[in-house]
Amino acid sequence: MNLLKQRFRDQQHVIAVNVGGRNPDVMGVLASAGAHAAFIDCERTGIGLDVATELIRAAKVAGLTSLVRSWSKDPAVLVQFMDRQVDGLVVPHINCAQDAIDVVELVRYACGDDKAPSKIVIVQIETREAIEALDEIMAVPGVDAYLIGPNDLAYSLMGQRSARTPDVLAAVDGIAKRLKAAGKPFGLPGKLDELPDFVASGATLLYYPIEWLLTSALKDLNARLDALKR
């Protein structure tokens, strides 16, 4: 069984770092520093199929689980990543149970009954429609984890991406509570100062862009240099 899949089943924390772009050389550093998965983002970056293939292979060499977030939930698109031996898919725009069923069936079709159980399926919950259909989506077998998308959810609810209104925060909290109550592994982005809330929500999948790591490290570096000059 895929070790990341087992971590999800055991409700252990999983750190998935969005590598940002064409950065194959960063895979070894991420693995040695304690990341569990390379999040290869083909939805919000300029990464296409060829670059994703390179990153999937680099992650494998480094011992990292490769997760591709596709730009589409279209099976014709998803199958291309499966053919390139990605370890798992993160699929956007899952609005109903049938969307989730289609993804699980695509993985079975692409990998066969013998290999499909080792692949990881993560579906994104990021729209008003997904909230309304969440119970039905959670009932679909073969989904390993759920990734809450606060930014897109804010756009769906308020018409403004990244809005942090009381309604959006309440919606995120409500999704988290329902997933936790159902015993489903789930996650969301969480900056360092948000980690207490992340843990308290019951989330285990921490989505962390590499620019957040660089920002934290550089702030710490500058603080240390400033302290030495005093």
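Scope of the values below: all heavy atoms of this structure, side chains included, with no hydrogens, waters or symmetry mates. All of these numbers come straight from a predicted model, not from anything done at the bench.
The list of side-chain hydrogen bond (donor to acceptor under 3.5 Å, both in side chains) pairs with a residue in residues 83-92, not counting sequence neighbours, reads Thr53-Arg84, Ser66-Asp87. Among residues at least two apart or in separate chains, ring-ring contact (aromatic ring centres under 6.0 Å, His included) pairs with a member in residues 68-94 are Trp71-Phe81. Screening residues 166-183 for side-chain hydrogen bond (donor to acceptor under 3.5 Å, both in side chains) gives Asp135-Arg178, Asp173-Lys177 as the qualifying pairs, with residues at least two apart or on separate chains.
Electrostatic pairing of Lys191 and Glu194 does not count as a salt bridge here, judged by no charged N lying under 4.0 Å from a carboxylate O. A salt bridge is absent between Lys73 and Asp102: the closest approach of a Lys/Arg side-chain nitrogen to an acidic carboxylate oxygen does not fall below 4.0 angstrom.
In the hydrophobic clustering of this structure, Leu192 groups with Leu188; members are Ile, Leu, Val, Met, Phe, Trp, Tyr whose side-chain heavy atoms approach within less than 4.5 Å, directly or through other members. Two different hydrophobic clusters hold Val14 and Tyr208 under the rule that ILVMFWY side chains link at heavy-atom gaps under 4.5 Å. Residues Leu49 and Val51 are members of one and the same hydrophobic cluster, defined by side-chain heavy-atom contacts under 4.5 angstrom among Ile, Leu, Val, Met, Phe, Trp and Tyr.
Ala31 and Ala62 get closest at one heavy-atom pair: CB-O, 3.4 Å. Of all non-hydrogen atoms in Pro196 and Asp193, the two that sit nearest each other are CD-O, 3.8 Å. Shown here for Gly142 and Val121, the closest heavy-atom pair between the two residues is O-CB, 3.7 Å. In plain terms, the two heavy atoms of Gly48 and Cys42 that are nearest each other are O-SG, 4.3 Å. Nearest heavy-atom pair, Ala110 versus Val79, reported as atom, atom and distance to 0.1 Å: CB-CG2, 3.9 Å. Minimum interatomic distance between Ala16 and Leu205 (heavy atoms only, all atoms of both residues): CB-CD1, 4.1 Å.
Annotation: side chain of Leu147 is not in contact with side chain of Phe186 (no heavy-atom distance under 4.5 Å). Looking at Ser156 and Glu126, their side chains never come closer than 4.5 Å, going by heavy atoms from C-beta outward. Between Trp212 and Pro189, some side-chain heavy-atom pair lies under the 4.5 Å cut-off. Side chains of Tyr207 and Asn18 form a contact here, defined as non-hydrogen atoms less than 4.5 Å apart. For the pair Met82 and Val107, the minimum side-chain heavy-atom distance is below 4.5 Å. No side-chain heavy atom of Ser70 sits under 4.5 Å from any side-chain heavy atom of Val90. Looking at Thr127 and Asp152, their side chains never come closer than 4.5 Å, going by heavy atoms from C-beta outward. In this structure, the side chains of Val172 and Leu153 come closer than 4.5 Å at one or more pairs of heavy atoms.
Side-chain contact annotation: Arg164 with Asn151, donor-acceptor N/O pair under 3.5 Å present.
In this structure, CG on Leu157 lies 5.0 Å from CZ on Arg128, to the nearest 0.5 angstrom. Note that CG of Leu221 is 11.5 Å distant from CG of Leu214, once rounded to the nearest 0.5 Å. The distance from atom CE of Met138 to atom CD1 of Ile125, rounded to the nearest 0.5 Å, is 8.5 Å. Here the CG atom belonging to Leu195 is positioned 6.0 Å from the CG atom belonging to Leu206, to the nearest 0.5 angstrom. Residue Asp74 holds its CG atom at 9.0 Å from CD of Gln80, rounded to the nearest 0.5 Å. For the atom pair Leu89 CG and Ile122 CD1, the distance stands at 9.0 Å (nearest 0.5 Å).
A side-chain donor-acceptor contact under 3.5 Å links Lys5 to the backbone of Lys119. Distance alone, capped at 3.5 Å, places no donor-acceptor pair between the Lys184 side chain and the Ala145 backbone. Panel note: side chain Asp220, backbone Ser216; no donor-acceptor pair is recorded below 3.5 Å. Judged by distance alone, with hydrogens and angles left aside, the side-chain atoms of His13 form no donor-acceptor pair with the main-chain N or O of Thr204 at under 3.5 Å. Distance alone, capped at 3.5 Å, places no donor-acceptor pair between the Asp10 side chain and the Gln12 backbone.
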Using the side-chain contact (heavy atoms from CB on, under 4.5 Å) rule, take Tyr146 and Ile137 through it: C-alpha gap first, then chi angles, then the decisive distance, then the call.
CA-CA 10 Å; Tyr146 305 77; Ile137 293 171; 4.0 Å; yes
Do Phe8 and Ile120 pass the side-chain contact (heavy atoms from CB on, under 4.5 Å) test, and can you show the C-alpha distance, the side-chain angles, and the key distance before you say yes or no?
CA-CA 10 Å; Phe8 281 133; Ile120 296 166; 4.1 Å; yes
Test Arg69 against Ile40 for side-chain contact (heavy atoms from CB on, under 4.5 Å), laying out the working first.
CA-CA 6 Å; Arg69 175 161 66 180; Ile40 301 166; over 6 Å; no
Test side-chain contact (heavy atoms from CB on, under 4.5 Å) on Leu64 and Val17; report intermediate values, then the result.
CA-CA 10 Å; Leu64 276 176; Val17 177; over 6 Å; no
Apply side-chain hydrogen bond (donor to acceptor under 3.5 Å, both in side chains) to Asn2 and Ser118, showing your working.
CA-CA 5 Å; Asn2 185 297; Ser118 68; over 6 Å; no
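Between Val26 and the choices Ile210, Leu55, Leu213, the side chain to side chain contact (heavy atoms under 4.5 Å, CB included) rule is met once, by Ile210.
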